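Below: one structure, written as structure tokens.
When a residue number appears, it is its place in the shown sequence, counting from 1. Keep in mind that what you see is a predicted model, and the values were worked out from it rather than measured. Just the heavy atoms: all of them, side chains too, but no hydrogens, waters or symmetry mates, feed the values below.
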Amino acid sequence: MPFIQEFQNLLRTQPRYNLKLVMAENCGYSDTAVKSKNCYYCFGVFYCEDVYYGRYSRKCSDCSGVSFCVNCQWCTECVDCVNCYSCDFCQDCQNCAECQYSQDCYGCKNCFGCVGLYQKQYHLFNQPLSKEEYVQKIAQFDLSNPDHLAFIQTQVEALKRKTPLPAFHQTMTENCTGDHITESKNCFNCYDIFASEDCLYTVEANANKDCVDLTVCFEAEALYSCVQSPLCFNCNFCLHTDRSSDSEFCAYSRNLKNCFGCVYLENKEYHILNQPYSPEDYAKKVAEIHQELIAGGHYNLTPYFISDYEHNRLQTETDSPLIL
């Protein structure tokens, strides 16, 4: 198929940028840092500031080692936490402060090694203590001692085995299905998304609307089957394409409009396979390519699969020959 062959040739021959920074400042050694500042060695951070060793976290500040966290401050080594302050080594906690080594706690403060608590304070391994007792017992732990850390882990694991835990985690959502969804509405089968509405089958995305099959996209609208494509509108099958609209099958590009099958372009309009067209010829040619792709069953992401590994994997999954 001519389009697929030419598109794959562009993918092989055009350069690719090694780091993705979108409207970010002082985010050295980071990849996919978007609207963030002073983030070091982070991967997938959005609206973050002064975050170190972060992984896909949003609106966090002064944190280190956080993954999939939202609106957290002064937290260390936390996973899937929302609206937490000064928490360390916590997982799936919401609206908590000064908690350590805890999981699935909500609205808690000064809790250590706790699991499944709701609006509690001064608890150690789920047992209530006075403030004085709590401070005294916590001071007995030497967190640099491997034996003490092993003891804490053993106590927490024992609590997890006997404490009912939620099957999914959602915060301030309406009519959503999936896990780890925050401040979203009408999202179906989505995971690790934030501030999105009317989205389907979306993973690690935030602030999107009317989108389907997205991975690591943000502030996008009317997108279908796109990866790493923030700030886009009405785009399909785009990969690492930023701030673009009305485009399809574009990769490693920025600020495109009405482009099709383009690779490593910037500030272009009415281009097909990196070549300029008039608006009238562009519409005719795109219609022809659409028919070609649909007839061959390739109006999807398969034109991106250019390696032997991808060909073999796709052929194994479909149990039928892959013809490009």
Could you tell me whether Y277 and Y270 have their ring centroids closer than 6.0 angstrom?
no
To the nearest 0.5 Å, tell me how far F194 CZ sits from T171 OG1.
10.5 Å
Considering residues, nucleotides and ligands other than Y29, do more than 12 of their heavy atoms fall under 6.0 Å from its OH?
no
Do E204 and I193 make a side-chain contact, defined as non-hydrogen atoms from C-beta onward lying under 4.5 Å apart?
no
Do F3 and E292 touch side chain to side chain, with heavy atoms closer than 4.5 Å?
yes
If you look at every heavy atom in C60 and C69, which pair is closest and at what distance?
SG-O, 3.6 Å
Which pair of heavy atoms, one from C238 and one from S247, lies closest together, and at what distance?
SG-O, 3.9 Å
Is there side-chain contact between L265 and L256, with heavy atoms separated by less than 4.5 Å?
yes
Without swapping roles, check the side chain of Q103 against the backbone of C90 for a donor-acceptor pair under 3.5 Å.
no
State whether the side chain of Y118 and the backbone N or O of C108 hold a donor-acceptor pair below 3.5 Å, judged by distance alone.
no
Can you check whether N208's main-chain N or O pairs, donor with acceptor, with S196's side chain at less than 3.5 Å?
yes
Please step through side-chain contact (heavy atoms from CB on, under 4.5 Å) for the pair I4 and L293, ending with a clear verdict.
CA-CA 8 Å; I4 293 181; L293 293 173; 3.8 Å; yes
Would you call E219 and K35 a salt bridge, using N to O less than 4.0 angstrom?
yes
Can you tell me how the ring of Y40 sits relative to the ring of Y52, calling it parallel under 30°, perpendicular over 60° and tilted otherwise?
tilted
Does a side chain donor of either E77 or S64 reach within less than 3.5 Å of an acceptor in the other side chain?
no
Residues in ring-ring contact (aromatic ring centres under 6.0 Å, His included) contact with H290, at least two apart in sequence or another chain:
F260, Y299
Short side-chain donor-acceptor distance under 3.5 Å, E49 and S61:
no
Salt bridge (Lys or Arg N to Asp or Glu O under 4.0 Å) evaluation trace for K162 with E157
CA-CA 9 Å; K162 65 180 183 180; E157 290 299 323; over 6 Å; no
With a 3.5 Å distance limit and no angle check, can you tell me whether E221 reaches the backbone of C211 through a side-chain donor-acceptor pair?
no
salt_bridge(K20, D242) N-O dist < 4.0 Å
yes
Any donor-acceptor N or O pair under 3.5 Å, side chains H148, D142:
no
Lys/Arg-Asp/Glu bridge criterion (N-O < 4.0 Å) met for E183, R58
no
Aromatic ring pairing H169/H180, orientation class (parallel under 30°, perpendicular over 60°, tilted between):
parallel
Using a 3.5 Å distance criterion without hydrogens, assess whether the side chain of T154 forms a donor-acceptor pair with backbone atoms of I152.
no
Side-chain contact, heavy-atom cut-off 4.5 Å: T173 with T182?
no
When rounded to the nearest 0.5 angstrom, what distance separates SG in C262 from CG in L10?
8.0 Å
Test of understanding: clusters of I, L, V, M, F, W, Y form through side-chain heavy atoms closer than 4.5 Å, transitively. Do Y53 and V45 belong to the same one?
no
With no hydrogens and no angle check, is any side-chain donor or acceptor of N274 less than 3.5 Å from a backbone partner on V263?
yes
Do you know which two heavy atoms are closest between G261 and C250, and how far apart they sit?
N-SG, 4.2 Å
Begin with the C-alpha distance, continue with both residues' side-chain angles, and end with the deciding distance and a verdict on side chain to side chain donor-acceptor pair (under 3.5 Å) for N189 and Y191.
CA-CA 7 Å; N189 207 10; Y191 299 87; 2.9 Å; yes
Give me the atom names and distance for the closest heavy-atom approach of C217 to S229.
SG-N, 3.4 Å
According to a 4.5 Å side-chain heavy-atom criterion applied to Ile, Leu, Val, Met, Phe, Trp and Tyr, with indirect links allowed, do L231 and Y17 form part of one hydrophobic cluster?
no
Are any of the side-chain heavy atoms of D88 and L143 separated by less than 4.5 Å?
no
Quick one: are Q8 and Y304 in side-chain contact, heavy atoms under 4.5 Å?
no
Criterion side-chain hydrogen bond (donor to acceptor under 3.5 Å, both in side chains) against Y252, the qualifying member of H240, Q228, R16, Q14
R16
Looking at S244 and N255, what are the two nearest heavy atoms and their distance?
OG-N, 3.4 Å
For residues Y47 and F218, establish whether the separation of their ring centroids is below 6.0 Å.
yes
Can you measure from OG1 (T215) to CG (D192) and round to the nearest 0.5 angstrom?
11.0 Å
For the backbone of G297 and the side chain of N300, can you confirm whether one donor and one acceptor N or O come within less than 3.5 Å of each other?
yes
May I ask whether V115 and F125 are part of the same hydrophobic cluster, defined by side-chain heavy atoms of I, L, V, M, F, W, Y residues being less than 4.5 angstrom apart, directly or through others?
yes
Check the pair L117, N126 against side-chain contact (heavy atoms from CB on, under 4.5 Å), reporting the backbone distance first and the verdict last.
CA-CA 7 Å; L117 295 187; N126 281 26; 3.8 Å; yes
Using a 4.5 Å cut-off on heavy atoms from C-beta on, say whether the side chain of V286 contacts that of I272.
yes
Pick out which of N258, T241, N236 makes a side-chain hydrogen bond (donor to acceptor under 3.5 Å, both in side chains) with E248.
N236
Under the side-chain contact (heavy atoms from CB on, under 4.5 Å) criterion, do V216 and T32 qualify, and how do the steps go?
CA-CA 9 Å; V216 193; T32 313; 3.9 Å; yes
Looking at D281, is its backbone amide N or carbonyl O close enough to the side chain of S278 to form a donor-acceptor pair, meaning the two atoms are under 3.5 Å apart?
yes
Do H123 and N110 have a side chain donor and acceptor closer than 3.5 Å?
no
Rounded to the nearest 0.5 Å, what separates atom CD1 in I306 from atom CZ in R12?
5.0 Å
Is the distance between the ring centroids of Y201 and F188 under 6.0 Å?
yes
State, without any angle test, whether Y56 and N206 hold a side-chain donor-acceptor pair at a distance under 3.5 Å.
yes
In short, C105 meets C114 closest at the heavy-atom pair SG-O, 3.7 Å
Would S253 and E266 satisfy side chain to side chain donor-acceptor pair (under 3.5 Å), going step by step from the backbone distance to the final call?
CA-CA 6 Å; S253 300; E266 186 172 4; over 6 Å; no
T76 and V66, any side-chain heavy atoms less than 4.5 Å apart:
no
Crowding at OH, Y264 (>12 non-hydrogen neighbours, <6.0 Å)
yes
With rounding to the nearest 0.5 Å, note down the distance linking OG in S30 to CG in L21.
7.0 Å
Are L273 and L239 connected in a single hydrophobic cluster, I mean Ile/Leu/Val/Met/Phe/Trp/Tyr linked by side-chain heavy atoms less than 4.5 Å apart?
yes
Any chance you could measure S86, atom OG, to Q73, atom CD, to the nearest 0.5 Å?
9.5 Å
Between F46 and F43, is there shared hydrophobic-cluster membership here, with clusters defined by ILVMFWY side-chain heavy atoms closer than 4.5 Å?
no
Below 6.0 angstrom between ring centroids: does that apply to F237 and F249?
yes
